[in-house]
S.K.: 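Input: one structure, supplied below.
Residue numbering restarts at 1 for every chain, and letters A, B, ... go by the order of the sequence lines.
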Protein chains: 2
Amino acid sequence: MDAYNYIKEAIIHGKYEPGMRLGEEFLAKELKLSRTPIREAIKQLESEGLVTPLKRGVSVRHFTREDIQQIYDLRTLLEGYAASQAALHRTEEDIQKIKKANARYEEAIERYQEKDMNSIKEIVNFNQQFHEAIISACKNPHIYFHLSKVVVVPLVFRSFYWYNSFELKRSLEVHKTILLAIQSQDSERARVAMTEHIYQGRDQVLAHLDEIKKIHVLKEDSQ
Amino acid sequence: MDAYNYIKEAIIHGKYEPGMRLGEEFLAKELKLSRTPIREAIKQLESEGLVTPLKRGVSVRHFTREDIQQIYDLRTLLEGYAASQAALHRTEEDIQKIKKANARYEEAIERYQEKDMNSIKEIVNFNQQFHEAIISACKNPHIYFHLSKVVVVPLVFRSFYWYNSFELKRSLEVHKTILLAIQSQDSERARVAMTEHIYQGRDQVLAHLDEIKKIHVLKEDSQ
DNA sequence: AATTAACGCTTTGTATACAAACAGTCAATG
DNA sequence: CATTGACTGTTTGTATACAAAGCGTTAATT
């Protein structure tokens with residue numbers, strides 16, 4: 001794995017906590033690389049907004065309540081639109097992909113063990129596949145490109161950390177509603193259901209924002 | 001000016017044409033720098049989508065008709081939303097800023113000389129200030145952040161290259177309509193007017209897409 | 001005692017050297 | 001004649017060395 005993805009994952013999973021300073025030398029040692037590739041990775045992360053520039057170096061970005069409100073407003077707008085367009089332009093193949101992702105999501109939820117990192121990673125991953133399948137079904141690759149930067153994965157990951165079994169199942173049901181709307185080309189319903197779904201995710205993030213600053217990464221988690 | 005901005009400007013103004021390969025060594029000579037800072041700049045431009053990765057190195061991104069359609073769809077969605085929110089949340093100060101930008105825009109249009117690069121640059125610049133003033137009036141800095149990446153400046157620049165005096169004045173009138181709607185907190189009107197305005201810009205780009213591949217950068221333009 | 005100047009240490013920015021990967025060419029072989 | 005293989009030159013990827021800029025601490029002066 002290259003420097004960019006390594007650092008990104010570390011931020012997503014909370015290994016590098018919000019506010020933590022990321023010195024080049026430090027990262028170079030951590031990844032056993034020289035500073036050159038590290039610097040390039042940092043530049044990219046900076047342009048995505050995952051780290052914020054300091055007077056010297058960067059630190060892991062910290063998101064305030066207000067940030068989260070605003071980011072999710074943006075996300076509902078874009079992903080709601082994507083869902084509505086997907087309903088209009090989806091092919092049979094798109095539908096199969098969405099179904100498949102959601103089936104895997106369902107399986108992962110059944111296997112779910114509270115607060116187990118690998119279990120969460122799995123769920124987050126299939127959830128992401130579901131959303132991405134819809135976004136790519138809208139036939140506007142530029143939406144996909146930009147949404148992948150709007151969706152701040154650390155926040156999504158945190159929201160799943162706090163889901164309980166019931167909430168996961170509810171989220172699964174909403175996924176099914178969205179799928180059905182897209183399948184039956186009901187674009188407005190798809191938009192509204194997606195919008196509501198994302199707002200629920202936002203509420204989850206906001207509800208648990210203060211509880212801990214860091215999700216503890218367990219030993220057995222690091223491969 | 002740093003490597004990133006230099007290359008970006010060169011792409012915007014057509015000095016580096018779409019499809020042109022940008023080798024590190026070449027850019028290093030051009031900017032009289034070593035490859036190290038060049039590479040960092042390229043990584044950033046890549047993550048913004050201004051250049052596309054090749055098997056080896058990158059080339060200046062070429063936008064197809066379809067790309068332009070899709071990008072502008074996205075832009076209307078976001079900037080239409082921004083205008084509607086600006087209408088709801090604008091302060092008196094915001095209005096003054098928008099007015100001021102538009103006044104300068106008007107002056108620049110009066111001074112306009114067809115196909116003169118500096119004249120166009122000036123107009124593009126004040127137009128941008130107008131749009132940015134509205135976006136920042138919507139009080140969601142994340143929208144600003146992402147819109148600045150959605151709005152592909154090379155395309156905007158090209159569209160202005162082809163505007164004639166009449167079209168510029170019409171665009172000015174639409175600006176005034178948008179301003180009025182924001183001032184009177186008519187959010188839906190602001191959204192619709194902005195959306196229409198951007199679609200007009202898109203039509204302009206599409207209409208002249210084939211005419212030339214490159215806008216010739218005049219000697220006296222390079223400072 | 002407080003303010004500032006200067007020094008040294010840490011960290012980032014840039015250049016250069018070297019290693020690795022890729023593309024194109026030419027020759028050998030079926 | 002086409003296809004494959006090795007060779008060569010070019011370009012990117014990484015490491016390291018050095019330059020420049022920031023920050024903290026200490027010492028000197030008021």
S.K.: Please enumerate all residues that pass ring-ring contact (aromatic ring centres under 6.0 Å, His included) together with B:His146, with sequence neighbours excluded.
M.R.: none
S.K.: So which pairs with a foot in residues 70-90 of chain A pass salt bridge (Lys or Arg N to Asp or Glu O under 4.0 Å), sequence neighbours left out?
M.R.: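 Those involving residues 70-90 of chain A are A:Asp73-A:Arg202, A:Arg75-A:Glu79.
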S.K.: Output all residues satisfying salt bridge (Lys or Arg N to Asp or Glu O under 4.0 Å) with B:Arg65, sequence neighbours left out; order by chain, then residue number.
M.R.: B:Asp210
S.K.: So, using ring-ring contact (aromatic ring centres under 6.0 Å, His included) as the criterion, who are the partners of B:Phe130 when residues are at least two apart?
M.R.: B:His175
S.K.: Can you sort out the partners of B:Lys97 under salt bridge (Lys or Arg N to Asp or Glu O under 4.0 Å), two or more places apart, ordered by chain and number?
M.R.: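 If we apply the salt bridge (Lys or Arg N to Asp or Glu O under 4.0 Å) test to B:Lys97, skipping adjacent residues, there are no hits.
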S.K.: Do A:Thr195 and A:Thr76 have side-chain N/O donor and acceptor atoms under 3.5 Å apart?
M.R.: no
S.K.: Using a heavy-atom distance cut-off of less than 4.0 Å, which residues of residues 46-55 of chain A contact DNA chain C?
M.R.: none
S.K.: First and last nucleotide of DNA chain D in contact with chain B, 5' to 3', at under 4.0 Å to a heavy atom: what are they?
M.R.: D:dT10 to D:dT14
S.K.: Scan for salt bridge (Lys or Arg N to Asp or Glu O under 4.0 Å) pairs involving residues 25-35 of chain A, sequence neighbours excluded, and state none if there are none.
M.R.: A:Lys15-A:Glu30, A:Glu24-A:Arg35
S.K.: Could you list the residues that satisfy salt bridge (Lys or Arg N to Asp or Glu O under 4.0 Å) with A:Glu106, not counting sequence neighbours?
M.R.: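 Testing A:Glu106 for salt bridge (Lys or Arg N to Asp or Glu O under 4.0 Å), a comparison that skips the adjacent residues, returns A:Lys176.
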S.K.: Can you pull the salt bridge (Lys or Arg N to Asp or Glu O under 4.0 Å) pairs that have at least one residue in residues 131-149 of chain A, sequence neighbours excluded?
M.R.: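 The answer is A:Asp94-A:Lys139.
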S.K.: Which ones in residues 25-38 of chain B lie close to DNA chain D, meaning a heavy atom under 4.0 Å from one of its atoms?
M.R.: B:Arg35
S.K.: For A:Ser34, enumerate each residue passing the side-chain contact (heavy atoms from CB on, under 4.5 Å) test, keeping only those at least two apart in sequence or located in another chain.
M.R.: A:Thr36, A:Pro37
